[in-house]
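Computed from a prediction, not measured in an experiment: that's the story for all the values here.
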Amino acid sequence: MVTLERLRAGHAEALLGFERENREYFARAVPDRGDAHFAEFTDRLRALLAEQAAGICHFHVVLDADGRLVGRVNLVDVADGTAELGYRVGERAAGRGVATAAVRLVCEEAATTYGLRALTAVTTLDNAASRAVLRRCGFTEAGSLTVDGRPGLRHRRALLP
């Protein structure tokens with residue numbers, strides 16, 4: 001159904017197009033990245049790739065069966081065998097199991113390729129779809145917190161070696 005590819009410079013055009021196409025859709029659930037994000041996209045991508053090369057983060061694009069970029073899934077703040085999971089799926093692919101498939105794939109990658117032992121993730125309480133994805137992928141609630149001024153939940157998943 002979907003595949004993951006580690007983010008690389010060659011994804012720049014497709015990634016920027018994906019972010020622009022889905023900007024309003026994403027802004028309904030998470031704070032908008034602002035105009036500067038798009039104006040400075042090339043520099044931002046270069047910085048992300050440097051973080052990835054340093055092992056601080058692992059960024060991925062999600063591709064559909066036709067090779068179109070339909071989402072992103074990232075592992076950030078890698079330290080002490082853990083990382084925080086973040087993901088976004090474009091509007092046209094939403095509700096089709098793409099996020100669940102991508103999160104499952106990155107969990108496997110986190111354990112086997114990156115040697116991580118656990119992942120955390122954060123959702124707002126009103127983001128039922130994201131919470132459902134995490135549940136389906138083996139995450140459990142691990143406490144409450146505030147996310148951009150909204151009530152949220154922290155989730156955790158241990159990974160098998």
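No salt bridge links Asp148 with Arg150; every basic N to acidic carboxylate O contact stays at or beyond 4.0 Å. A salt bridge does not link Arg33 with Glu40: none of the charged nitrogens is closer than 4.0 Å to a carboxylate oxygen.
By the side chain to side chain donor-acceptor pair (under 3.5 Å) test, Thr113 is found to be paired with Glu109, residues two or more places apart in sequence or in another chain being considered.
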**Study point:** Working for side chain to side chain contact (heavy atoms under 4.5 Å, CB included), residues Leu63 and Arg68
**Key:** CA-CA 5 Å; Leu63 306 175; Arg68 287 186 300 255; over 6 Å; no
Point to revise | Test side chain to side chain contact (heavy atoms under 4.5 Å, CB included) applied to Thr100 and Val133, step by step | key: CA-CA 5 Å; Thr100 299; Val133 166; 3.7 Å; yes
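In this structure, Leu49 and Leu7 have side chains that are in contact, with non-hydrogen atoms separated by less than 4.5 Å. Side chains of Val98 and Asp64 form no contact here, defined as non-hydrogen atoms less than 4.5 Å apart. Within the 4.5 Å cutoff, the side chain of Val73 has heavy atoms near those of the Leu85 side chain.
By the 30° and 60° cut-offs, the orientation of the rings of Tyr114 relative to His60 is tilted.
Neither side chain, Gln52 nor His58, offers a donor N or O lying under 3.5 Å from an acceptor on the other. Between Asp80 and Thr82, the side chains place no donor N or O within less than 3.5 Å of an acceptor N or O (distance only, hydrogens not considered). Side-chain contact, His155 with Thr123: a donor N or O sits under 3.5 Å from an acceptor N or O.
Scanning all heavy atoms of the two residues, the minimum distance from Phe26 to Val89 falls at CE2-O, 3.3 Å. For the residue pair Arg157 and Gly138, the shortest heavy atom distance occurs at CG-O, 3.6 Å. Between Cys137 and Arg104 the shortest heavy-atom distance is SG-CG, 3.6 Å.
Taking the ring axis of Phe139 as reference, the NZ or CZ atom of Arg156 does not stay both within 45° of it and closer than 6.0 Å to the ring centre.
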